[in-house]
Amino acid sequence: MLTNKVFMKKTKRGNILKIVREHYLRDDIWCGSAACQTCPADENAALLDEVPEPVSERFAFPHYLLLDTNVILYQMDLLEESAIRNVIILHTVLDEVKHRSAVVYKRLRAVLSDPARKFYTFVNEHHKDTYVEREPGESANDRNDRMIRTAAEWYGKHLAPRVGKKSAGAGVRIVLLSDDADNRAKAMALGLNTCSALEYMKAAKATFAHLLDKIAQRELVSESKDPLFPSHLTMLQIHEGIKGGKLMQGGFLASRENYLEGYVRVEGIEKAVLIQGRMNLNRAVDGDTVAIEMLPESEWKAPSDVVLVDEQTDPGDMVEPDPTFSVKPQAEREPTAKVVGIIKRKWRQYCGILLPSHIQGSTRHIFVPAERKIPRIRIETRQAATLLSQRIIVAIDQWPRHSRYPQGHFVRALGPIGSKETENEVILLEHDVPHSRFSEDVLACLPELPWTITAADLQRRVDLRDITVCSVDPPGCTDIDDALHARRLPNGNIEVGVHIADVGHFIRPGTALDREAASRATTVYLVDKRIDMVPGLLSSNLCSLRGGEERFAFSCIWELDDEANIRNTRYHKSVIKSKSALTYEEAQIIIDDAKQTNDVATSLRLLNRLAKILKKRRTEKGALVLASPEIRFQVDSETHDPIDVKAKQLLETNSMVEEFMLLANVSVAEKIEQEFPECAMLRRHPCPPQANYEPLVKAAEHQGFEILTTSGKELATSLDKAVKPDNPYFNTMLRILATRCMMQAVYFISGTVQRDEFFHYGLAAPIYTHFTSPIRRYADIIVHRLLAACIGADSTYPELLDKKVNSNLCNNLNYRNRMAQYAGRASVALHTHLFFRKRSEDEQAYILFIRKNALQILVPKYGFEGTIYVTGRNNEEIKTGVRFVYDEEQQTQRCGQVVFRAFDPVIVRLSLDSTNVQHEKLVFELVKPYIEGFSVKAQGADAEVETPKRKGEPQQTTKSKKNKKAK
């Protein structure tokens, strides 16, 4: 059967074009039910049970569930439960879900692909009895709802028992599950069985009663309560306000330190706009795209210097007045705004814990997210007794005006609070790290073992197996991306080669393996585990440049003179055989041991000498030498618990490898941009806005140093000059502060930004990319493909040269890299807590910042940073009789005769506070200088520390046997 839709269209030239759209309809599309007495069975399709067993007692008869679009969009957590079976998904609904939410569509497809779930897709759009034409004036949404009701009505008649035919499933009926009250009312008028997802699960059988917790709260909420927040503008009002210049839009970033503060980044405005106070935040959640209205200049505020955390147990739906923020001089105030509307929510599922309810038997509970930037969430659950000891996942459903907190629902439990496995899972989920097992489709793309290099492979590559190549990596590294060689040439110059694993040989464009690697974007390194971007067969075996094994490589080879000037560069696919896989320490020992004169030692010494020249040249051009406190854990081989921790030590060999990786990345960037000026994947590091440097400049000023920030060269020079002979760690702390002023380096496509924006500020490089780590970074795989096309080693393909496709890819790469960094830091914090359980230590530390109510402390030995609070929220005394006075102008805290300034050395005690199971925290307590009633007594022998100056006294040094100076 054929139905036609004919309409006329006028072309630009004025001609009339007749367009005919044909829609084919059939009457032999199978309904999917084993109880059907009419349709011919399809052996390959997933059957709906002949006698379905429903989870709900709302309808006493056997039935299949037929879902409308809203139920799938908002109740997917319920639908993913294995108890929900025998469900009909109409093609109309599937198509609408696909267009409205790619994430939900992917989750639904996963359920549909599982035969055990008994989810059947019925192609109602092409069945002659269920297809309906859109009526004049009818919206697409109304037509879809009518299609759903028509299909439900047809199924009811189709499955009705036939006269003279008996079946075990005779009388199976249809229940239309809809969260749209209007759709339900119209379905009831047609005599259909219908209810909402909430009504259906409220009548769940006792075995499935717990599933009620998974219902998203989508029902209209009562507005009888007094509203606590201003109402949001409608999308039409927001659009008109932005168009008229009254409103601005941007991404909302909540503060971790103060739950009543946040910022909105507005395109075209250099500094983010401050939002302060509960009413001005107006229910915005971190990540939302919001509309803001600027406040009059007289109402502008300064960022709070008080650390503020929402610690109330359950205050109900009421809000207390905001705490009084200190009034700052007009010069320190910033442009401040209020949120007037939400353009797009960016809610996700959140990990955290339940707070115990103070009402016995209550089902309403407060959920506290692990991420401090997310507000507490109110949920309903009947499993509180079980869940109080578990890490759980919760989703936000809505945030009505009358509710202090957003409302959500329970999704699933992760495991016991404090368990390392559970906390690792929380880290991965909270940072959106894909960590599921690789699918069968992905694994099918891998080469079969045993894998060998064939004669045909050798014909297409340069054979470098006889050259003395070696790799230098951290201890325990199994995904070895790079190897190096250096040798003297007959003409007196030096040949240097950087050989990078040829991952592109195994990952071909468009394959399932390629798509998975592009999605994951990067390998994520936690303290005790690694989440690979590609399967282990490649990352730790076939691609890894292991010592003594033949491997495919992509080689970048230079001819350098003795002053490290490049005379010639060439690139080619190669076969190498690494002579040795060394650690940084092993390579350093070989270089320093004059007795070693073999080829590996000669190569390493040449590389090290050239690297020093390259580094000196880079720093002279303005490359920054920054610092960040990094630590390394020694873990137990069986339990994987941390048994020792120390700051990472950088050797000459670290710098040696880094310099040649940088040189290779710059050389390749120049090559691919020259060949593909519109579509080269590059990496840039934007120059930070001057406002970013304020904390660094102020901190240095208080110590009598001037930090110039107008260029990278000036910054590098002024940092080099800022040295205090009496405080060897001072310069390192300044560099740590400088690191925090920097912008994030990002991937981009060359044809999308101006040439002068290619600059990499931190490296002082006019052009840069990533070529040297394709096992762990997808960007490098793309760069390998571009370089291979440049030298004729491989061909291009349409997506490789598509600016729009690759710009979207860059967005994903930048996001995944950022999340991987944060996940790594969170893993370090977790293992720090594990290390300090049942232990405390007194350590040398330095004051990094002076806050209004706290001292920000850095411990060099471990790279830890923490806070010592000196006053309460409202400037009250923390310990009776001990009063600290904050001098904002001088940036000092004074208690009696003791004055604390930034960068002063102190002794602190480190211990773990486990009273808050959600946020175990490392506690910093002052040991020296000793303040009666505030400091704690030193453990054992006193540590050496220069105490801050007392009025009228010279600087003092206390000596001891135990020396904990920073390295």
Side-chain angles (χ1 to χ4, degrees), residues 428 431-439 441-443 445-446 478-482 500-526 530-545 552-554 661 664-665 668-669 672 676 679-684 744-750 752 768-790 794 796-824:
L428 295 173
H431 296 94
D432 195 16
V433 175
H435 59 287
S436 57
R437 294 181 62 183
F438 289 102
S439 69
D441 288 345
V442 170
L443 297 176
C445 299
L446 299 175
T478 60
D479 52 343
I480 302 172
D481 287 288
D482 54 86
I500 305 301
D502 188 8
V503 181
H505 173 81
F506 299 97
I507 301 180
R508 302 307 298 163
T511 60
L513 177 56
D514 183 48
R515 291 192 298 272
E516 182 68 19
S519 173
R520 295 190 178 213
T522 181
T523 293
V524 179
Y525 294 90
L526 305 184
R530 187 179 80 204
I531 313 299
D532 284 323
M533 181 183 80
V534 297
L537 178 64
L538 297 184
S539 64
S540 297
N541 187 350
L542 301 185
C543 292
S544 184
L545 306 181
F552 287 156
F554 208 148
M661 296 306 112
N665 288 335
V668 171
I672 62 173
F676 299 107
C679 55
M681 184 173 284
L682 304 174
R683 187 165 175 83
R684 65 192 180 98
Q744 193 93 24
V746 291
Y747 296 109
F748 70 102
I749 300 303
S750 54
T752 61
Y768 190 69
T769 193
H770 272 162
F771 163 75
T772 55
S773 296
I775 295 177
R776 60 186 179 88
R777 289 190 305 233
Y778 187 76
D780 302 54
I781 293 177
I782 295 293
V783 170
H784 276 225
R785 290 172 182 170
L786 289 166
L787 184 61
C790 289
D794 208 342
T796 63
Y797 53 97
E799 289 80 6
L800 186 65
L801 307 181
D802 190 317
K803 278 197 297 189
K804 186 176 179 181
V805 168
N806 285 312
S807 290
N808 291 334
L809 175 59
C810 285
N811 292 337
N812 182 59
L813 299 180
N814 292 329
Y815 169 72
R816 294 288 188 208
N817 281 344
R818 194 164 59 249
M819 289 297 104
Q821 278 185 347
Y822 296 158

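- Taking CZ from R777 and CG from L813, the interatomic distance works out to 10.5 Å, rounded to the nearest 0.5 Å.
- S750 places a side-chain N or O within donor-acceptor distance of the main-chain N or O of A680, the cut-off being under 3.5 Å.
- With rounding to the nearest 0.5 angstrom, the OG1 atom of T522 is 13.0 Å from the CZ atom of R818.
- Nearest heavy atoms, L787 versus F771: CD2-CE1, 3.7 Å.
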- [ ] Output, in order, the C-alpha distance, side-chain angles, deciding distance and verdict of side chain to side chain contact (heavy atoms under 4.5 Å, CB included) for D482 and M661.
- [x] CA-CA 9 Å; D482 54 86; M661 296 306 112; 3.9 Å; yes

TODO: Could you give me the CA-CA distance, side-chain angles and deciding distance for S773 and R776, then say whether side chain to side chain donor-acceptor pair (under 3.5 Å) is met?
DONE: CA-CA 6 Å; S773 296; R776 60 186 179 88; 3.1 Å; yes

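- Residue L526 comes nearest to A823 through the heavy atom pair CD2-O, 3.7 Å, listed as atom of the first residue, atom of the second, then distance.
- In this structure, CG on D481 lies 9.0 Å from SG on C543, to the nearest 0.5 angstrom.
- With T796 contributing its side chain and L786 its backbone, the two residues share no donor-acceptor pair below 3.5 Å.
- When side chains are defined from C-beta on, V503 does not count as touching H784, because their heavy atoms never get closer than 4.5 Å.
- Nearest heavy atom pair, residue D514 against residue R785, reads OD1-NH2, 2.9 Å.
- Side chain of S519 to backbone of R515: no donor-acceptor contact under 3.5 angstrom is found.
- Taking every heavy atom of both residues into account, I531 and L428 meet most closely at CG1-CD2, 3.9 Å.
- With a 6.0 Å cutoff to the six-membered ring centre and a 45° limit on the axis angle, R520 counts as a cation-pi contact of F438.
- Once rounded to the nearest 0.5 Å, the distance linking CD1 of I507 with CG of L446 reads 9.0 Å.
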- [ ] Starting from the C-alpha separation in whole Å, work towards a yes-or-no answer on salt bridge (charged side-chain N to carboxylate O under 4.0 Å, His left out) for D794 and R508.
- [x] CA-CA 11 Å; D794 208 342; R508 302 307 298 163; 3.0 Å; yes

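- Looking only at distances, a side-chain donor or acceptor of D780 sits under 3.5 Å from a matching main-chain atom of T772.
- For the residue pair H505 and F552, the shortest heavy atom distance occurs at NE2-CE1, 3.3 Å.
- With values rounded to the nearest 0.5 angstrom, S544 atom OG is found 11.0 Å from L538 atom CG.
- Here CD1 of I480 is found 12.0 Å from CD1 of I500. Values are rounded to the nearest 0.5 Å.
- The backbone N or O of T523 lies less than 3.5 Å from no partner atom in the side chain of R816, so there is not a single donor-acceptor pair.
- Annotation: side chain of R683 is not in contact with side chain of V746 (no heavy-atom distance under 4.5 Å).
- Stacking of R684 on the aromatic ring of F748 is recorded, both the 6.0 Å distance cut-off and the 45° axial limit being met.
- A donor-acceptor contact shorter than 3.5 Å links the side chain of N814 to the backbone of C810.
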- [ ] Assess whether side chain to side chain contact (heavy atoms under 4.5 Å, CB included) is satisfied between C790 and F676, documenting all intermediate values.
- [x] CA-CA 8 Å; C790 289; F676 299 107; 3.6 Å; yes

Task: Full working for side chain to side chain donor-acceptor pair (under 3.5 Å) between R530 and T478 - done: CA-CA 11 Å; R530 187 179 80 204; T478 60; 2.8 Å; yes

Task: Candidate pair I782 and L809, rule side chain to side chain contact (heavy atoms under 4.5 Å, CB included), full reasoning - done: CA-CA 10 Å; I782 295 293; L809 175 59; 4.0 Å; yes

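- Closest non-hydrogen pair, C679 versus I749, comes out as CA-CG2, 3.6 Å.
- The main-chain N or O of A518 is found under 3.5 Å from a side-chain atom of N812 such that the two form a donor-acceptor pair.
- Partner of Y747 under the side-chain contact (heavy atoms from CB on, under 4.5 Å) criterion, out of N806, L682, N817: N817 alone.
- Checking side-chain atoms of D479 against main-chain N and O of S539 turns up no donor-acceptor pair under 3.5 Å.
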